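Please read the structure below before turning to the comments.
When a residue number appears, it is its place in the shown sequence, counting from 1. For clarity, every value in this text was computed on a predicted model and none was experimentally measured.
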Amino acid sequence: MLREIKAKQVLTKSGISNVSYSLNPYIGCFHRCLYCYADFIGKWRDVLPWGEIIEVKVNLLERLKEEVRRKKRGEVCIGTVCDPYQPIEERYQLTRNAIKVLKDANFPITILTKSSLCLRDIDLLKGNAKIWVEMTLTTLDEETRKIFEPNAPAVQERIEALKELKKSGIKTTLFFGPVLPYFSDREEVIREIFSLGEKVGVAEILVDKLNYLNRKFFKIKSGLGKYPEAIRYYERVNQSNNFYTDWLRERLLGIAKDFPMPIRIIF
């Protein structure tokens, strides 16, 4: 279900280090990832069940043009609580047009996505050192992807998009996050994902853990019915989250030393 709304403000103060503003053309996300941290928005925006109702900020460009004129120039992160290239972007093109406005105003841009639809906008993205695209991969296994990211693009589709972005000279980041306990926290899986980033030639790899597990636990557990061992693993992680976080960080840091590109653990 789509709901067209008018936003009072579209550039909001960002809580991300070294990023000035967040920009989200849509509220809600069709990808419906089990681990999504942004579904808390649904409680006060009346867009529950999360992922079934998408609000479209139809006045985004009007507001954005006004805000870039009066705000101090700073980096804008597009897609902090939704994927800006989720399927309805094909129809509304809010992300594409927002990029045009921000480019014209000389604002640096980072785009977070899981979608190859970003390739549509290569004409806007290439040739600008102030634009980065971060492509998210939580796993290289398609069956695992279907469990945790049921409506998101396939793994191989994202890999091909990364390659095409790199080929076009666009600065790219592989965002390995969240690392999925049981499924992608094993050493061989971590090395495989890091090796992929090296092979593609991404500028850097960012790694994040699964946050808010206690809040997401029952939703994730419901999706793991065919994996009783995984359920028990998540129960242990949930009970000893601080210990697990320290263990995972040390594992990642140890493996990262074997790779030439910058790898940043952001938790």
Side-chain angles (χ1 to χ4, degrees), residues 1-5 7 10-12 14-16 19 21-42 45 47-58 60 64 76-99 102 109-122 124-125 131-139 142 144-162 164-165 170 172-178 180 202 206 208 210-212 216 219 266:
M1 175 182 173
L2 297 181
R3 182 188 297 157
E4 294 186 347
I5 64 168
V10 295
L11 283 180
T12 58
S14 170
I16 302 173
V19 175
Y21 309 106
S22 295
L23 176 68
N24 292 283
Y26 310 100
I27 297 173
C29 188
F30 178 74
H31 291 165
R32 300 184 70 182
C33 302
L34 290 184
Y35 53 75
C36 181
Y37 59 84
D39 61 354
F40 72 91
I41 296 171
R45 286 297 309 177
V47 288
L48 294 174
W50 184 252
E52 292 186 11
I53 301 173
I54 310 296
E55 291 189 331
V56 182
K57 299 177 183 179
V58 291
L60 180 132
L64 184 59
V76 178
C77 187
I78 304 178
T80 56
V81 294
C82 75
D83 194 315
Y85 284 109
Q86 60 182 296
I88 57 171
E89 167 62 17
E90 290 192 73
R91 170 181 169 185
Y92 284 94
Q93 299 193 32
L94 294 182
T95 299
R96 177 175 176 82
N97 288 307
I99 292 170
L102 292 169
I109 305 167
T110 296
I111 302 167
L112 311 181
T113 187
K114 292 182 172 80
S115 176
S116 62
L117 181 57
C118 63
L119 299 180
R120 179 201 63 187
D121 296 340
I122 277 183
L124 297 177
L125 303 175
I131 296 179
W132 287 70
V133 177
E134 290 188 13
M135 183 65 67
T136 297
L137 283 172
T138 57
T139 176
E142 185 62 12
T144 303
R145 193 278 304 168
K146 290 177 181 177
I147 295 170
F148 285 91
E149 303 165 345
N151 292 345
V155 171
Q156 192 59 39
E157 185 178 330
R158 300 184 217 178
I159 294 172
E160 294 305 317
L162 264 177
E164 191 62 34
L165 290 166
I170 297 163
T172 55
T173 295
L174 193 165
F175 183 73
F176 177 24
L180 300 172
V202 298
L206 299 183
D208 200 5
L210 176 58
N211 295 303
Y212 312 110
K216 309 299 301 181
K219 186 174 183 179
I266 59 174

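- Between W132 and T173 the shortest side-chain heavy-atom distance falls below 4.5 Å.
- Between C82 and H31 the shortest side-chain heavy-atom distance does not fall below 4.5 Å.
- Among residues two or more places apart in sequence or in another chain, the side-chain contact (heavy atoms from CB on, under 4.5 Å) test is passed with I27 by I5, I41, R45, V47, E55, K57.
- For F148, the ring pair (Phe, Tyr, Trp, His ring centres under 6.0 Å) partners two or more places apart in sequence, or in a different chain, are F183.
- Note: Y212 and Y37 have tilted aromatic rings, judged against thresholds of 30 and 60 degrees for the angle between ring planes.
- In plain terms, the two heavy atoms of I266 and L206 that are nearest each other are CG2-CD2, 4.4 Å.
- Considering all non-hydrogen atoms of both residues, L165 and T172 come closest at CB-CG2, 3.5 Å.
- C29 and I54 get closest at one heavy-atom pair: N-CD1, 3.4 Å.
- The one candidate from T95, T12, T80 that meets the side-chain hydrogen bond (donor to acceptor under 3.5 Å, both in side chains) condition with N24 is T80.
- Among residues two or more places apart in sequence or in another chain, the side-chain contact (heavy atoms from CB on, under 4.5 Å) test is passed with S14 by I16, V19, S22.
- For the pair L23 and L60, the minimum side-chain heavy-atom distance is below 4.5 Å.
- Remark: Y35 pairs with K114, E149 by the side chain to side chain donor-acceptor pair (under 3.5 Å) rule, at least two apart or across chains.
- Closest approach of C118 to L125, counting heavy atoms only: O-CD1, 3.8 Å.
- With sequence neighbours excluded, the residues satisfying salt bridge (Lys or Arg N to Asp or Glu O under 4.0 Å) with K146 are E143.
- F175 approaches E134 most closely through the heavy-atom pair CD1-OE1, 4.0 Å.
- Looking only at distances, a side-chain donor or acceptor of E142 sits under 3.5 Å from a matching main-chain atom of V155.
- Using a 4.5 Å cut-off on side-chain heavy atoms (C-beta onward), L119 and I122 make contact.
- Shown here are the side chain to side chain donor-acceptor pair (under 3.5 Å) partners of E157, two or more places apart in sequence or in another chain: S116.
- The salt bridge (charged side-chain N to carboxylate O under 4.0 Å, His left out) contacts involving residues 81-91 comprise E89-R120, where partners must be two or more places apart or lie in separate chains.
- L124 has its side chain out of reach of I131: every pair of non-hydrogen atoms, C-beta onward, lies at least 4.5 Å apart.
- Residues satisfying the salt bridge (Lys or Arg N to Asp or Glu O under 4.0 Å) criterion with K216, sequence neighbours excluded, are D39.
- Using modelled atom types, one side-chain atom of R158 and one backbone atom of T136 make a donor-acceptor pair closer than 3.5 Å.
- In this structure R32 satisfies the salt bridge (Lys or Arg N to Asp or Glu O under 4.0 Å) test together with E52, sequence neighbours excluded.
- A search for side chain to side chain donor-acceptor pair (under 3.5 Å) contacts involving T110 returns E75, not counting sequence neighbours.
- Looking at residues two or more places apart in sequence or on another chain, you find a salt bridge (Lys or Arg N to Asp or Glu O under 4.0 Å) between E160 and K163.
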*Start with the C-alpha distance between I78 and I99, add both sets of side-chain angles, then the distance that settles side chain to side chain contact (heavy atoms under 4.5 Å, CB included), and finish with yes or no.*
CA-CA 9 Å; I78 304 178; I99 292 170; 4.1 Å; yes
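- For the pair Q86 and G28, the tightest heavy-atom approach, listed with the atom from each and the gap, is NE2-O, 3.1 Å.
- Applying the side chain to side chain donor-acceptor pair (under 3.5 Å) criterion to D208, with sequence neighbours excluded, gives N211.
- The backbone N or O of Y85 lies less than 3.5 Å from a partner atom in the side chain of S115, making a donor-acceptor pair.
- For R145 (side chain) and A152 (main-chain N/O), a donor-acceptor pair under 3.5 Å exists by modelled atom type.
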